[in-house]
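All ligand and atom numbering here is 1-based and tracks the order in the structure.
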Amino acid sequence: MDSFEIEGGRRLSGTLDASGSKNAALPILFAALLCPERLTLRRVPRLHDIKTTLSLLEGVGARVEREGERVTIDLPQFTSTEAPYDLVRTMRASVLMLGPLLARERSARVSLPGGCAIGSRPVDIHLAALEQMGAELRLESGYIVGSCPGGLRGAEIVFRFPSVGATQQVMMAASLAEGKTVIRNAAREPEIENLAGFLRAMGAKISGDGTSDITIEGVARLHGCDFEVMFDRIEAGTLLLAGPITGGSVRVRGMDTGCLEAFFAVLRKTGVAVSAGEGWVEASAGGSQCADFETQPHPGYATDLQAQMMAYLAQVNGVSHVSEKIFENRYMHVPELVRMGADIRVEGPQAMIYGKPGCYQGAVVMATDLRASASLVLAGLVANGTTRVRRIYHLDRGYESLETKLCSLGAAVSRKPE
Ligand code: EPU
């Protein structure tokens, strides 16, 4: 298990390119299961979760070729309809195989993902929606076993919560279902629009993505296409924070401000100067004031940027209040940030950050999940002395060559085998 060693206290500045989005690429790769023709995907990030997904696709018979950020997938015929536990347990998004398998092959055997560090994360909304579309589902030895001998049919589905994954699941399943499906209270994340764009490029009939009501008219067959994955807005937000937290300035190219407005609003409140031009955004150190925020479904503040912003707020002036509204256990970075010198108190879903400039000292800390790890790296960049972030396999799941990118901005981060 590798760790990162970070020599803190260097001012970071420069320009970087955003990678393709993990959370857009994963559902798009699963949507490839719907198509019997050759597909080409561009800007697919080189990440561990992507490798796992490609193995899942190969496991059901897909021919996959990968060259840098370009992936081609050919799945004229299935050799299996199973997503095995050994792969699913490392990546919860694997449950997104269920809808496409049922839609195209009318049967599926997908391991039930367990809980994860950030909460219990049930998939009840996914399952209820697929049942409403005619799937018969049962739990058998830890697997969701599904069939729909007559095929899936369209339905009006009302979500109790705008789940990102469940919205993607239904969009994929409904693309090949008979008749019309309407999703009410759908998630509005930009990654949903990106998936809809891919499904449309394959010939699906979808409208309303980006709003709370998405309509899908099922078609009999989808066709091959060439499609580019959107930029990773969570990676971009993390890299932009690396500028102001170290008193510097970072510009990220290949992105736009549209999908991170709530994040930029909080940054501006703290005094950071955020500017944008054609295809780039820049964040530069400015004032140093506290700011409150709560995580919410899009267009609210993204939960995936909560830990990183907390690392930043711990070293500004004043008391910031944070409320985590999406996951019940997403403060696992807090005890580690506290070990580095932050003053943060958590009560249930609320956190109070007593900010103090210069609070961080280097320490050996342990990464617990992907975004928690990113917050520890940010704290390490500004800490006095050396920080060692252990278990960075979490980071490798979601950040492409993070150490290389940070070093190109002037950071001293190296990967050490343990
Ligand atoms: N939920 C249910 N039942 C369901 C589905 C979700 O109760 O059937 C609950 C979850 O337990 C959670 C909340 O609803 O408390 C939000 O879950 P959602 O389904 O919206 O999230 P997800 O699809 O599982 C994706 C991202 C997450 C990101 C969330 C929220 C991917 C692969 N994952 O997860 O990304 O935090 O949306 O924006 O797209 C990450 O990248 O670090 C990450 C965790």
Side-chain angles (χ1 to χ4, degrees), residues 19-31 45 47-50 52-53 56 88 90-99 112-132 137 144 157-172 183 185-195 212 229-230 232-238 259-260 262-263 294-308 324-330 332-333 349 367-375 393-400 402:
S19 296
S21 161
K22 165 181 87 79
N23 288 350
L26 295 178
I28 284 173
L29 288 170
F30 289 123
L47 297 170
H48 199 264
D49 278 4
I50 298 292
T52 305
T53 305
L56 282 162
V88 173
T90 67
M91 196 188 65
R92 293 183 41 85
S94 321
V95 74
L96 293 179
M97 283 182 82
L98 200 53
L112 192 63
C116 73
I118 61 176
S120 58
R121 300 181 77 179
V123 289
D124 56 311
I125 304 175
H126 299 238
L127 303 186
L130 292 172
E131 279 177 337
Q132 230 188 302
L137 304 175
I144 307 162
I157 298 164
V158 183
F159 285 164
R160 67 171 164 82
F161 175 86
S163 156
V164 174
T167 303
Q168 293 162 339
Q169 184 83 272
V170 175
M171 283 164 66
M172 293 189 285
I183 312 173
N185 197 21
R188 291 181 282 163
E189 268 66 6
E191 292 77 14
I192 301 283
E193 292 181 73
N194 206 217
L195 173 64
S212 301
V229 175
M230 69 176 284
D232 195 315
R233 61 196 176 105
I234 308 304
E235 181 208 33
T238 307
C259 28
L260 279 175
F263 170 74
E294 61 175 34
T295 64
Q296 286 290 356
H298 193 77
Y301 189 100
T303 175
D304 290 346
L305 280 167
Q306 177 255 94
Q308 301 90 316
E324 171 56 53
K325 295 280 176 83
I326 307 293
F327 291 108
E328 75 262 31
N329 188 24
R330 214 175 193 182
M332 307 239 297
H333 46 290
T368 48
D369 68 77
L370 172 55
R371 310 304 171 186
S373 318
S375 78
Y393 61 86
H394 290 291
L395 274 173
D396 293 333
R397 293 185 49 203
Y399 289 92
E400 185 175 326
L402 183 63

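- Of all the atoms in ligand 1, the ones that sit under 4.0 Å from a non-hydrogen atom of Asp304 are 27 (C), 28 (C), 35 (O), 36 (O), 40 (C), 41 (O), 42 (O), 43 (C), 44 (C).
- Pro122 counts as a contact of ligand 1, since one of its heavy atoms falls under 4.0 Å from the ligand.
- The backbone N or O of Phe159 sits less than 3.5 Å from a side-chain atom of Asn185, completing a donor-acceptor pair.
- Backbone and side-chain nitrogen or oxygen atoms of Ile125 are examined, and one is located within less than 3.5 angstrom of a nitrogen or oxygen of ligand 1.
- At the top of the distance list for atom 19 (O) of ligand 1, counting protein heavy atoms only, stands Ser163 OG, 2.6 Å.
- For the pair Leu130/Leu98, a side-chain contact is recorded, criterion being any heavy-atom separation below 4.5 Å from C-beta on.
- Listed for the Asn194 side chain is no donor-acceptor partner under 3.5 Å among the backbone atoms of Ala24.
- At least one donor-acceptor pair closer than 3.5 Å links the side chain of Thr52 to the backbone N or O of His48.
- A heavy-atom distance below 4.5 Å is found between the side chains of Cys259 and Met230.
- Each of the following atoms of ligand 1 lies closer than 4.0 Å to a heavy atom of His126: 8 (O).
- When distances from atom 9 (C) of ligand 1 to the protein are checked, no heavy atom turns up under 4.0 Å.
- Nearest heavy atom pair, residue Leu395 against residue Leu402, reads CD2-CD2, 3.9 Å.
- Inclusion of Gln168 in the set of residues having an N or O under 3.5 Å from an N or O of ligand 1 is not warranted.
- At the shortest separation from atom 7 (O) of ligand 1 among protein heavy atoms lies Arg160 NH2, 3.2 Å.
- Here the side chains of Met97 and Val88 are not in contact, with every heavy-atom distance at 4.5 Å or above.
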Only pairs under 3.5 Å count here: list side-chain donor-acceptor contacts from residues 297-305, not counting sequence neighbours, and write none if there are none.
{"residue": "Tyr301", "atom": "OH", "partner": "Leu305", "partner atom": "O", "Å": "2.8"}
{"residue": "Thr303", "atom": "OG1", "partner": "Glu324", "partner atom": "OE1", "Å": "3.1"}
{"residue": "Thr303", "atom": "OG1", "partner": "Glu324", "partner atom": "OE2", "Å": "3.2"}
{"residue": "Thr303", "atom": "OG1", "partner": "Arg330", "partner atom": "NH1", "Å": "2.8"}
{"residue": "Asp304", "atom": "OD1", "partner": "Arg330", "partner atom": "NH1", "Å": "2.7"}
{"residue": "Asp304", "atom": "OD1", "partner": "Arg330", "partner atom": "NH2", "Å": "3.1"}
{"residue": "Asp304", "atom": "OD2", "partner": "Asn23", "partner atom": "ND2", "Å": "3.4"}

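- Contacts between Asp124 and ligand 1 below 4.0 angstrom, taking non-hydrogen atoms only, involve backbone and side chain alike.
- Annotation: side chain of His333 is not in contact with side chain of Thr368 (no heavy-atom distance under 4.5 Å).
- Polar contact with ligand 1: absent for Pro162 (N/O pair, distance under 3.5 Å).
- Heavy-atom separations between Arg397 and ligand 1 are all 4.0 Å or longer.
- Of the protein's non-hydrogen atoms, Ile326 O, 2.6 Å is the one closest to atom 15 (O) of ligand 1.
- Proximity of a side-chain donor or acceptor of Thr295 to a complementary backbone N or O of Lys325 within less than 3.5 Å is detected.
- Nearest heavy atoms, Ala374 versus Thr238: CB-CG2, 4.0 Å.
- Between Gly165 and ligand 1, at least one N/O pair is under 3.5 Å apart.
- The main-chain N or O of Tyr399 is never found under 3.5 Å from a side-chain atom of Glu235 such that the two would form a donor-acceptor pair.
- At a heavy-atom distance under 4.0 Å, only side-chain atoms of Arg371, from C-beta outward, approach ligand 1.
- Contact between Arg92 and Pro122 at its shortest, heavy atoms only, is NH2-O, 4.3 Å.
- Counting only heavy atoms of the protein, atom 18 (P) of ligand 1 lies nearest to Val164 N, 3.6 Å.
- Contacts between Glu324 and ligand 1, counted as non-hydrogen atom pairs separated by less than 4.0 Å, are absent for every part of the residue.
- Of the protein's non-hydrogen atoms, the one nearest atom 26 (C) of ligand 1 is Asn23 ND2, 3.6 Å.
- With respect to atom 44 (C) of ligand 1, the closest heavy atom belonging to the protein is Arg330 NH2, 3.5 Å.
- With a 4.0 Å heavy-atom cut-off, ligand 1 is reached by no atom of Gln296.
- By the side chain to side chain contact (heavy atoms under 4.5 Å, CB included) test, Glu400 pairs with Ser19, Pro45, Arg46, Leu47, Glu69, sequence neighbours left out.
- Closest protein heavy atom to atom 34 (O) of ligand 1: Arg121 NH2, 3.3 Å.
- Contacts with ligand 1 closer than 4.0 Å are made by no heavy atom of Leu127, backbone or side chain.
- Residue contacts with ligand 1 for Lys22 involve side-chain atoms from C-beta outward but no N, CA, C or O (heavy atoms, distance under 4.0 Å).
- For ligand 1, the polar-atom distance check against Ala93 finds no nitrogen or oxygen pair separated by under 3.5 Å.
- Pro190 places a side-chain heavy atom less than 4.5 Å from the side chain of Arg233.
- Every atom of ligand 1 is numbered from 1 in the order shown, and the set under 4.0 Å from a heavy atom of Phe161 is 13 (C), 14 (O), 16 (C).
- Those atoms of ligand 1 with a heavy atom of Leu370 less than 4.0 angstrom away are 42 (O).
- For Ser21 against Glu191, the heavy-atom pair with the smallest separation is OG-CG, 4.1 Å.
- Heavy atoms of Thr303 found under 4.0 angstrom from ligand 1 belong exclusively to the side chain.
- Residue contacts with ligand 1: Glu189 is placed with no nitrogen or oxygen under 3.5 Å of a nitrogen or oxygen of the ligand (distance criterion only).
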